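Hydrogens, waters and symmetry mates are skipped; everything else that's a heavy atom, side chains included, is used. None of these values were measured; they are calculated from a predicted model. Labels below follow one simple rule: chain letters A, B, ... track the order of the sequence lines, proteins then strands, and each chain is numbered from 1.
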Amino acid sequence: MTYTDPNKKFKRYTVTSALPYANGPIHIGHLAGVYIPADIYTRYLRSVGEDIVFIGGSDEHGVPITIKARKEGVSPQDIVDRYHEIIKKSFKELGISFDIYSRTSSPVHHQTASDFFLELYKKGVFIEKISQQYYDEVAQQFLADRYITGTCPHCGFEKAYGDQCESCGTSLNATDLKNPTSALSGAAPVLRDTKHWFLPLDKYEGWLSEWILQGHKSDWKANVYGQCKSWIDQGLQPRAVTRDLDWGVKVPLDSAEGKVLYVWFDAPIGYISATKELTPDWEKYWKQEDTKLVHFIGKDNIVFHCIVFPTMLKAEGSYILPDNVPANEFLNLENDKISTSRNWAVWLHEYLLDFPDKQDVLRFVLCSNAPETKDNDFTWKDFQAKNNNELLAIFGNFVNRTLVLTQKYFGGKTPELGELTSLETELIAELKEFPGKIGRSIELYRFREALAELMNLARLGNKYLTETEPWKLIKTDENRVKTVLNLSLQICANLTILCEPFLPFTAGKLSQMLNLGKLNWIDAGSYTLLPEGHALNEPAFLFEKIENVQIEAQVNKLLETKKANELQNKTTVLAKANIEYDDFAKIDIRVGTILEAERVPKTKKLLKLKIDTGIDQRTVVSGIAEYYEPENIIGRQVSILVNLAPKNLKGIDSQGMILMAEDADGRLCFVAPSQEVKNGSEIK
RNA sequence: GGCGAGGUAGCUCAGUUGGUUAGAGCGUCGGAUUCAUAACCCGGAGGUCACGGGUUCAACUCCCGUCUUCGCUACCA
């Protein structure tokens, strides 16, 4: 029985958490954004007595995994096996309570995804398109964009990938590359026709608009709603659901040899296949209108879960749609973006080793600091402060002082509840409100708020003890002390129930110390959870202080990473292959002077320059607007490549290229003669 | 440039449909206390609600503009 659905519109819940990509371990960003909120939500609903399945699993297909496998000389299966195990184990140790943690390489998933595709195919949902794609004739296969390297058409970097140039950061199409080379065989690939199936999102625009823009205007988070609106308003395009690749779910059609489902198509179906693996009753969790489907994801996944996947479900026809998609923003680490490739992260499996038995500390910190409404920052100093000054000082300390006093005065047995003063009746009335307040916040996906409310219950307890001063009263009025400690113990019992979704390990310890049986949310709010004379177990600390040395060790670890990264940045790009003098002689570089400069409207980086090259005056468009103000560069001498074929940019014919030096972080500056020379002077 | 989400106390965040004196936690300062892991409890200080206009009797809240952070997207010979 939930607080926000008193009429019981929903009879059961399907909660999914984004499938982590199995090419690396889990870090705190994943946890704060997705898994901790999802786990709190799930544990709460279980405690409330709802029928719920909590689904997770590894996303194991896609090109990056095949690339990593090639690099390491192992099979893609080896890669996903490795990370799947690390991820699964670390989730379990943190207490993320999946009902099933599956994987998309499982046979059930392959079958399910395949069937799903076939069903849409039979319904005539897809459109087929033939396009040209690079094919490696030596390796006899089509090449994913990532498998093609070549010269970047923008910056000339020779090892740009087919989807992106790592030198200038531009995203590319493989067909943009000059001198494309296959990473498989080293051969020059050729363009070949290939057929692919597309999901025509454009045809569902009207429906999406009605369902999301009208139907979920008030209950979806602002960031989620806004992002969806932005996509729908801009107009949706058909999206390819298949790829030429041999790692993934095979396209179940005769004419689709060597093709697999595109990873974004197969991954969300993983939620369904995992449910299938979990229970033969899976259909009621996916196909009955009285099931509430909730996707926990990060903001990078909004479009897939709000637009693409629902369109797939809608097109299939027999599935329910998500009721909510509570996407979180991003978590930063020590003022810098978390990055797997730069190793700038706190890795869960490392945390679990460095801070044994402190799962709840991480859960607490990441929940209280979760990026629910905007990007947030994790710092080790804050981690320490939250543990020492809140979790320990308020929660742990209250429990400890209550148990120690009970041990001391009453031999560890729950004393009897005597006469109640107005102080107690107020306390009892307040206590009664907590389950509802916390529950409602959780149901509305306001986990920070819920956790803060939980802490307020411990505060209430501390205040009660301070106000009644049982350590003084014991000398004069033992009966009164019995009442005070009885109620304090009842608060501890309530904390046990209410903290479980957030701090399951603590709940376990508390339950053991209080010698409690299994209690549920419905029991909370009561002041008679522990009967008179109930024997307690030996008290122990719930939390321990985190010392400066431990924090310094973690900070130093990050500083090391930073140093290593800087070193790496300093290493310059390797020299290109040798050329003959004749090749160089073809290049005509002159010194010229900037006569005019203005911004190209509606661009961020482009300046339109008029250059006196000594030969002529010509117009050049240059991407330097982020580094130079137009008015500051007029009259400057620059180097200009004058015999480059003209190119039209934003409607302007650019006749040449200004030479720029670029450092590791992409900053540009002019390359110019060290003293003024005549315009038109050759550079050689 | 377009779109989306932000910009509120030193830090992390609340502020519902515009309505007394803008709130909370942590930190800080002071007090009280000693049952408790120097913890708890009480109190104080601390805010031009990014900035500039406008609507209104009244604006953190609504409208317009500017600056700024993050994300997506375009361009960057």
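A24(B) and G6(B) have their P atoms separated by 24 Å, with the value rounded to a whole Å. U16(B) and U8(B): their P atoms are spaced 16 Å apart (whole Å). Distance noted for atom C1' between C40(B) and U66(B): 49 Å (whole Å). Across the C1' atoms, U61(B) and G19(B) are found 11 Å apart, a figure rounded to whole Å. For U21(B) and C60(B), the P atoms lie 11 Å apart once the distance is rounded to whole Å. Look at the C1' atom in both G23(B) and G15(B): the space between them is 7 Å, to the nearest Å.
Between His216(A) and Trp220(A), the ring planes are parallel. Angles under 30° get that label, and only those over 60° would be called perpendicular.
Judged purely by atom type and a 3.5 angstrom limit, Asp375(A) uses its side chain to pair as donor or acceptor with the backbone of Phe330(A). The backbone N or O of Asp377(A) lies less than 3.5 Å from a partner atom in the side chain of Asn369(A), making a donor-acceptor pair.
The shortest distance between side-chain heavy atoms of Glu478(A) and Phe410(A) falls below 4.5 Å.
For the pair Leu391(A) CG and G25(B) P, the computed distance is 17 Å after rounding to whole Å. Spacing between atom CG of Asn223(A) and atom P of U69(B) amounts to 20 Å, rounded to whole angstrom units.
Using N1 to N3 plus N6-O4 or O6-N4 for Watson-Crick, or N1-O2 and O6-N3 for G-U wobble, each under 3.5 Å, G25(B) pairs with C11(B).
The side chain of Arg448(A) places an N or O atom within less than 4.0 Å of a non-bridging phosphate oxygen (OP1 or OP2) of A14(B). Between Lys463(A) and the phosphate of C42(B), there is a side-chain N or O to OP1/OP2 separation shorter than 4.0 Å. Residue Thr373(A) has a polar side-chain atom (N or O) positioned under 4.0 Å from OP1 or OP2 of A14(B).
Heavy atoms of Tyr225(A) sit nowhere under 4.0 angstrom from any nucleic acid atom. Across all strands, Gly656(A) comes closer than 4.0 Å only to sugar-phosphate atoms, never to a base (heavy-atom distances). Note on Asn397(A): a base of the nucleic acid sits closer than 4.0 angstrom, heavy atoms only.
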Just the table, please: protein N/O against nucleotides 61-66 of chain B N/O, every pair under 3.5 Å.
none

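If you check A39(B), C35(B), A5(B) against the side chain of Lys545(A), the one that comes closest is A39(B).
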